[in-house]
Amino acid sequence: MARNALAHKLHRPDDTFSLRDQLNGERLGGILLLTAAAIGFALANSPLSEWFSDLAHTEIGPEALGLKLSLAHWAADGVLAIFFFVVGLELKREFVTGSLRDPRKVSLPILAAVAGMAVPAVIYSIVVSVAGLDAALRGWAIPVATDIAFAMGLVAVFGRGMPPAFRVFLLTLAVVDDLLGITVIAIFYTANLSLIWLAAALAVIAAYWVMTHRGWNPRWLLIPLGVLAWYCMLQSGVHATIAGVLLGLSVPARPIGNDEVSLAEDMEHDWNALSQGVALPVFAFFSAGVPVAAGGGDLSSVVSDPVFLGVLLGLFAGKPLGIFASVAIFRWVPGFAMDASLKLRDILALGGLAGIGFTVSLLIGELAFRGDETHIDHAHLGVIAGSLLAALAGGMLLSWCSAAHRRSHDAGLEDEQGASS
């Protein structure tokens, strides 16, 4: 990104911690993400599936600190926090100095996120209610989540030519979606929420905010503080990656003192490479490793199960429907506004990408049906199938929209050249 190259020429708040630039290109990061996911899925459905399962469930870490977690758990709650930290940094810059300064432009993706959660929940509830499975209504929240990592990975691979507003809209929607999804877990699916640990996490994040805004930003101070905030959030029972988002949002997005580049931009440059090159591929490798044969029985019994159908339809149809309909209706309502560079077809593609559930959806499935392995497995397969269909549809729509934007851009350049001659 151009701003990252510029940052090297200016006075940066912390020039002692600069990772290599190669991985800052999101296209390479997206390719690594999708490749890792494909490898994980292939291993989970190959003769090496038992080895992969043993690897994912291998526990490491100090048990005395409550950190003896499986590798899959470390991938979802640990290294993925780096990605959420970068997301928080980017959102902070957009809210303070970018396009999201306009409250009307912020309100539309927030509304779309809410609608994109409500419609899938309603579709799932209708499917299982019609089938008479009232006990399965506990899974209503499974199809409401959007997986930011996979969605942004597809944008990096297939979204060349899309206007910057598309990424900002999707990022805002996905983060709001994820925050609301975690809130749903905390309220409806968390039996052991610790308010003391949660208060401790928020206190550490507040200290992080004070230090960064006062210009106290050496890495030997901020990194341990960030890890402590993550640890407290993990112990609270709330999904630990939320600590990453809140830490990113606490970093100042305007230059302080003699700095010509804000600390948020500086940190984003430094941490994006680690996020793209390590955190996201590791997460994708484990989270996509779900065996198709899970749940037992033949395929027909799986695909006819209302839990499977409700989750699949909620992600593949409900998410795009809720997002597209809300934007199409409310973009004309006072108090809401869609960026002029975006078209409704772009929102349709965005809705498809938002139907990629994975991480949080898989987690909610386990929490909703704890003790019922059949429902858990069928819910997981519904998440996988719905997410794959949404990824295919979203990817194709995104490629089509990208090509249309590139043609429009090229036509505009030709008109400018004709006018100047």
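None of the values given here were measured: they were computed from a predicted structure.
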For Gly365 and Ile376, which heavy atoms make the closest approach, and how far apart are they? O-CG1, 4.0 Å
ring-ring contact (aromatic ring centres under 6.0 Å, His included) involving Tyr124 - partner list, sequence neighbours excluded: none
Residues which pass side-chain contact (heavy atoms from CB on, under 4.5 Å) with Ile110, listed by chain and number, not counting sequence neighbours: Val106, Val176
Does the Ser408 side chain pair with the main chain of Ala404, one donor and one acceptor, at a distance under 3.5 Å? no
Are the side chain of Arg167 and the backbone of Val155 linked by a donor-acceptor contact shorter than 3.5 Å? no
Nearest atoms (heavy-atom pairs only) where Leu344 meets Met338: N-CE, 4.5 Å
So, applying side chain to side chain contact (heavy atoms under 4.5 Å, CB included) with Phe283, which one of Thr241, Asp77, Asp147, Ile82 is it? Asp147
The reported gap from CD1 in Ile205 to CG in Leu247 (rounded to nearest 0.5 angstrom) is 5.0 Å
Partner residues of Ala42 under the side-chain contact (heavy atoms from CB on, under 4.5 Å) criterion, sequence neighbours left out: none
My understanding is that only residues two or more places apart in sequence, or in another chain, count here; which of them pass side-chain contact (heavy atoms from CB on, under 4.5 Å) with Val245? Phe84, Val175, Leu249
All heavy atoms of Gln276 vs all of Leu32, minimum pair found to be O-CD1, 4.2 Å
Between Leu170 and Leu353, does a side-chain contact (heavy atoms from CB on, under 4.5 Å) hold up when you go through it step by step? CA-CA 9 Å; Leu170 176 59; Leu353 296 176; 4.0 Å; yes
Under the side chain to side chain donor-acceptor pair (under 3.5 Å) test, residues paired with Ser125 that sit two or more places apart: none
Trp209 backbone acceptor or donor facing Thr212 side chain under 3.5 Å: yes
Can you run down the side chain to side chain donor-acceptor pair (under 3.5 Å) pairs that involve residues 149-159, sequence neighbours left out, and say none if there aren't any? none
Contact between Pro281 and Thr35 at the side-chain level, heavy atoms closer than 4.5 Å - yes or no? no
Compare every heavy atom of Ser275 with every heavy atom of Val86, then report the nearest pair and how far apart it is. CG2-CB, 4.0 Å
Donor-acceptor contacts under 3.5 Å from residues 391-399 side chains, at least two apart:
{"unit_1": "Ser399", "atom_1": "OG", "unit_2": "Gly395", "atom_2": "O", "d": "3.0"}

Tell me, please, which residues at least two apart from His73 pass ring-ring contact (aromatic ring centres under 6.0 Å, His included). none
In terms of ring plane angle, is the pair His375 and Phe369 parallel, tilted or perpendicular, where the classes change at 30° and 60°? tilted
Measure from the side-chain N and O atoms of Thr97 to the backbone N and O of Ala253, and report whether any donor-acceptor pair falls under 3.5 Å. no
For Ala200, all residues meeting side-chain contact (heavy atoms from CB on, under 4.5 Å), sequence neighbours excluded: Cys232
Any donor and acceptor pair, going by atom type alone, linking the side chain of Ser402 with main-chain N or O of Gly161 inside 3.5 Å? no
State, with a plain yes or no, whether a side-chain heavy atom of Phe169 is found less than 4.5 Å away from one of Leu350. yes
Any donor-acceptor pair under 3.5 Å from Asp346 side chain to Lys343 backbone: yes
For residues 309-332, pull every pair meeting side chain to side chain donor-acceptor pair (under 3.5 Å), keeping only residues two or more places apart or in separate chains. Thr146-Lys319, Asp177-Lys319
Do the side chain of Ser129 and the main chain of Ile126 share a donor and acceptor less than 3.5 angstrom apart? no
Output every pair passing ring pair (Phe, Tyr, Trp, His ring centres under 6.0 Å) with a member in residues 382-401, not counting sequence neighbours, ordered by first then second residue. none
Under the ring-ring contact (aromatic ring centres under 6.0 Å, His included) test, which residues partner Phe52, sequence neighbours left out? Phe285
